[in-house]
Amino acid sequence: MEDLKDLIKKARTDHILEREEILLLLSSPEIDEILFAAADEVRKRYVGDGIHLRGLIEFSNFCRNNCCYCGLRRDNKNITRYRMDEDTIFATAEYAVQAMGLKTIVLQSGEDLYFDCEKLCGIIQLIKSLDVALTLSIGEKSFSEYRAYKEAGADRFLLRIETTDKDLYLQHDPQMSFENRIECIHNIGRSGLEVGTGILVGLPNQTLESYADDILFFKTIKADMVGIGPFIPHPNTPLRGAIGGSLQISLKIMALTRLLLPDINIPATTAMETIEKNGQIRALKAGANVIMPNITLPLYRQHYELYPGKSDTGYLPDNNLQKLIGTIHSIGRFVAEGYGFHQKLL
Ligand code: SAM
Ligand code: SF4
């Protein structure tokens with residue numbers, strides 16, 4: 001136990017751990033509470049008590065890909081597909097900025113080729129006229145597309161690596177290229193966008209060793225944001241019978257990520273709340289400093305079912321936001337005022 005405490009102490013001050021050390025901490029449940037408290041202290045020291053709220057708009061659930069874990073995969077015929085039009089996307093963003101006071105909008109979708117570069121750049125320009133930070137989460141694109149989004153005004157891009165275990169990645173995304181995923185993440189950074197990445201936790205055959213590699217990957221690529229979410233099996237996917245990820249191990253990976261990348265943005269993810277009530281609060285007390293309230297209209301949101309129970313989690317653009325703010329205050333935190341860019345302190 002003393003050795004484990006020394007490791008955490010070292011991570012708290014130096015923000016460096018070897019792969020074997022990460023692995024040892026991941027496989028020692030007796031250290032969990034000390035690890036979470038250390039991540040909470042580092043979070044406070046580097047990014048403060050403010051929580052950044054990013055309003056998530058799920059604007060299309062069409063997807064050309066077939067990721068085995070995801071309810072939006074193209075082979076799922078048991079889903080009502082939708083696309084929001086430009087006016088609706090803008091009206092949702094406008095409400096979030098002007099009525100709810102949100103400072104970042106996140107546009108997320110499946111990989112939907114209907115929204116080509118020109119259409120997306122038009123939408124980006126419209127939303128940026130609201131004086132708001134804009135994040136995209138729309139999948140794998142070419143370097144010139146990432147560059148065009150940046151030039152149109154986008155600020156950040158989220159593309160999870162999902163897992164750094166190449167064999168596992170290919171097992172779950174059979175028609176995708178692991179190398180291209182990595183290349184895309186590098187291209188996002190090269191284009192001048194902030195780089196958000198992250199992983200799923202609890203995929204079949206995923207190991208503690210691979211989580212240690214994932215955490216080191218976040219550090220190697222100098223991620224600006226890392227989202228960690230437990231995998232939740234969806235009944236209309238090939239992984240319907242899988243067990244899924246646990247909140248505890250997701251929180252541990254998140255806390256270790258905070259210790260090693262102390263000044264980045266880390267969301268308390270919706271999937272954490274979906275598998276366990278108060279999962280997001282536990283995450284906020286173990287290193288997280290961001291929440292992404294879902295502001296998609298219920299009419300669409302019900303069909304953006306990556307995993308069961310998701311659409312019931314999140315916050316409608318009404319008094320639920322007040323409820324969220326109340327919860328944030330109840331743990332001694334507050335809603336941050338700025339746009340929430342990554343302030344590089346290391
Ligand atoms: N299509 C884009 C992409 O894949 O990057 C953006 C949208 S995708 C739905 C966003 C994230 O949802 C993925 O990166 C994946 O980690 C997560 N996700 C998909 N299926 C999930 C599941 N069954 N449980 C938990 N998270 C899931
Ligand atoms: Fe499509 Fe993204 Fe789901 Fe994969 S995770 S099927 S790319 S929406």
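In each ligand, atom 1 is the first atom listed, and ligand 1 is the first ligand listed. Residue numbers count from 1 along this sequence. Remember, it's a predicted structure, so these values are computed and weren't measured experimentally.
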Worksheet entry | N66 versus Q175, side-chain donor and acceptor atoms under 3.5 Å |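 Distance-only check fails for Q175 and N66.
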
**Q.** Donor on one side chain, acceptor on other, R258 and N289, under 3.5 Å
**A.**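 Yes, a side-chain donor-acceptor pair sits under 3.5 Å.
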
For [X], which part has a heavy atom under 4.0 Å from ligand 1: side chain, backbone, both, or neither?
X: C67; answer: neither
X: T237; answer: neither
X: Y304; answer: side chain

Residue [X] vicinity, atoms of ligand 2 by number, heavy atom under 4.0 Å:
X: C67; answer: 4 (Fe), 5 (S), 6 (S), 7 (S)
X: G110; answer: 8 (S)
X: N65; answer: 7 (S)

- Message: Counting only heavy atoms, tell me which of N61, L306, L203 gets closest to atom 18 (N) of ligand 1.
- Response: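 Heavy atom nearest to atom 18 (N) of ligand 1 belongs to L306.
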
Practice item. Could you name the option among E162, R64, H172, M272 that has the heavy atom nearest to atom 15 (C) of ligand 1? Key: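 It is E162 that holds the nearest heavy atom.
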
Which of the numbered atoms in ligand 1 are under 4.0 angstrom from any heavy atom belonging to [X]?
X: S109; answer: 1 (N), 2 (C), 6 (C), 7 (C)
X: R181; answer: 5 (O)
X: L159; answer: 5 (O)
X: L200; answer: 16 (O), 25 (C), 26 (N), 27 (C)
X: C70; answer: 19 (C), 20 (N)

Indicate whether atom 1 (N) of ligand 1 is within a distance of less than 4.0 angstrom of some protein heavy atom.
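So far as the 4.0 Å threshold goes, atom 1 (N) of ligand 1 is in reach of a protein heavy atom.
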
Next on the checklist: Check this for me - ligand 1, Y69, N or O atoms closer than 3.5 angstrom, yes or no?
Outcome noted: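 It does: an N or O of Y69 is found under 3.5 Å from an N or O of ligand 1.
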
Heteroatom proximity flag, H234 to ligand 1, N/O under 3.5 Å
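No: no nitrogen or oxygen of H234 is under 3.5 Å from one in ligand 1.
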
Which segment of C63 sits under 4.0 Å of ligand 2 when only heavy atoms are counted:
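The part of C63 near ligand 2 is the side chain, not the backbone.
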
Protein contact of [atom] - nearest heavy atom, named by residue and atom, plus distance:
atom: atom 11 (C) of ligand 1; value: R160 NH1, 4.5 Å
atom: atom 3 (Fe) of ligand 2; value: C70 SG, 2.4 Å
atom: atom 10 (C) of ligand 1; value: Q108 NE2, 3.8 Å
atom: atom 24 (N) of ligand 1; value: I232 N, 3.1 Å

May I ask you to decide whether D213 forms a salt bridge with R19, counting only side-chain N to carboxylate O separations under 4.0 Å?
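A salt bridge is present here (some side-chain N lies under 4.0 Å from a carboxylate O).
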
* **Side chain to side chain, M272 and E276, heavy atoms closer than 4.5 Å** =>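 The answer is no; the side chains never approach within 4.5 Å.
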
